[in-house]
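We count ligands from 1, going down the list as the structure has it; atoms in each ligand are counted the same way.
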Amino acid sequence: MNSQPIGIFDSGVGGTSIWKEIRKLLPFENTIYLADSKNAPYGDKPADEILALSIKNTEYLLEQGSKIIVVACNTATTNAIAYLRNNYNVPFIGIEPAIKPAALNSTSKAIGVLATKGTLSSALFHSTAKNFSDGIKILEQNGEGLVPLIESGKACGKESEKLLLKYLKPMLVEGIDYLVLGCTHYPYLIPVLQRILPDNVKIIDSGEAVAKQTKAILTSFDLLADKQNVSDQFYTNATVGVLKQFVSDYNVAVNYLDF
Ligand code: DGL
């Protein structure tokens with residue numbers, strides 16, 4: 001048993017979609033969440049910069065005593081997780097676009113992946129896509145502009161709807177029946193996506209799978225926490241009020257941190 005916190009980071013508020021799944025599945029765990037919103041979006045940055053930011057976030061979370069790190073960001077996972085796993089002595093959980101279930105279940109044999117440029121151009125994404133591309137058309141789309149809208153609290157406004165219409169049109173023309181959300185910010189677009197997508201197109205978001213994997217790894221390393229008074233700490237290096245909106249249904253502390 002181990003009551004040290006689960007450390008979670010993202011380029012901003014998007015990883016709260018993962019944190020919510022972790023909170024649901026692991027109710028006795030303490031958590032620390034780091035939103036590097038000052039540096040968002042990561043998706044437009046070169047790989048070496050994404051790696052440097054991921055190292056900085058990891059080191060902060062380790063200084064706070066994290067027993068495991070959840071990289072709640074596809075862009076950071078696909079560009080940095082191999083380095084992190086090789087250089088730090090705690091387990092790391094990452095998130096990548098869930099191409100596998102979409103490709104295996106697609107009947108139209110066409111699937112869409114909406115992700116950041118940083119994720120789509122990574123070697124890890126290329127190798128996963130290649131593994132499942134046999135007989136499947138994978139339509140990739142960079143969701144440029146979406147993360148800044150979500151970071152400014154405008155996930156469901158007219159601007160995001162306009163961008164999504166533009167980004168999804170070519171996928172719908174090709175007859176996709178699955179849309180993979182390859183960025184942890186994008187689950188916050190689901191109300192807009194549901195207005196745009198026909199009923200037969202299923203949305204895949206891997207938040208729950210990440211929480212299950214976190215539980216499995218904590219269990220296998222005998223690191224689960226016992227029943228206790230749980231503490232959840234949220235830190236952002238940008239606007240506290242924005243991060244607060246994303247966790248307003250929870251009784252958690254949200255603070256500014258200059259990191
Ligand atoms: N939440 C990050 C992801 O999953 C957003 C990336 C960004 O900051 O561009 O990829």
Margin query: List ligand 1 atoms under 4.0 Å from P41, heavy atoms only on the residue side.
Written below: 7 (C), 8 (O), 9 (O)
Next item on the list: Please indicate whether E159 has more than 12 foreign heavy atoms, meaning atoms of other residues, nucleotides or ligands, lying under 6.0 Å from its CD.
Entry: no
Next item on the list: Identify which one of N74, T128, T78 satisfies the side-chain hydrogen bond (donor to acceptor under 3.5 Å, both in side chains) criterion when paired with E96.
Entry: T128
Next item on the list: Assess the pair F246 and F234: is the distance between their ring centroids shorter than 6.0 Å?
Entry: no
Note to self: Taking distance alone, with N or O pairs closer than 3.5 Å, would you say T184 contacts ligand 1?
What the structure shows: yes
Item checked: For C183, the ligand 1 atoms whose distance to one of its heavy atoms is below 4.0 Å -> 1 (N), 2 (C), 3 (C), 4 (O), 5 (C), 10 (O)
Note to self: Is it the case that over 12 heavy atoms from other parts of the model lie below 6.0 angstrom from the NZ atom of K169?
What the structure shows: no
Item checked: Heavy-atom nearest neighbour in the protein, as seen from atom 10 (O) of ligand 1, with distance rounded to 0.1 Å -> T75 OG1, 2.6 Å
Check: In terms of atom number and element, which parts of ligand 1 are under 4.0 angstrom from non-hydrogen atoms of H185?
Finding: 1 (N), 2 (C), 5 (C)
Margin query: Between ligand 1 and T119, is the shortest N or O to N or O distance under 3.5 Å?
Written below: no
Margin query: Within ligand 1, which atoms have a heavy atom of S11 less than 4.0 Å away?
Written below: 2 (C), 5 (C), 6 (C), 7 (C), 8 (O)
Notebook entry, point to check: Would you say G43 has any N or O atom under 3.5 Å from an N or O of ligand 1, going by distance alone?
Noted result: yes
Margin query: Walk me through whether Y42 and D36 qualify under side chain to side chain contact (heavy atoms under 4.5 Å, CB included).
Written below: CA-CA 9 Å; Y42 281 11; D36 191 14; 2.5 Å; yes
Check: CD of E174: more than 12 outside heavy atoms within 6.0 angstrom?
Finding: yes
Notebook entry, point to check: Of the protein's non-hydrogen atoms, which lies at the shortest distance from atom 7 (C) of ligand 1, and what is that distance?
Noted result: Y42 N, 3.2 Å
Notebook entry, point to check: Which atoms from ligand 1 have a heavy atom of D10 less than 4.0 Å away?
Noted result: 1 (N), 2 (C)
Margin query: Quick check: T116 and ligand 1, any N/O pair under 3.5 Å apart?
Written below: no
Note to self: Is it the case that the side chain of T77 and the backbone of I95 share a donor-acceptor pair, with hydrogens and angles ignored and the cut-off at 3.5 Å?
What the structure shows: yes
Note to self: Which label fits Y60 and F259: parallel for a plane angle under 30°, tilted from 30 to 60°, or perpendicular past 60°?
What the structure shows: parallel
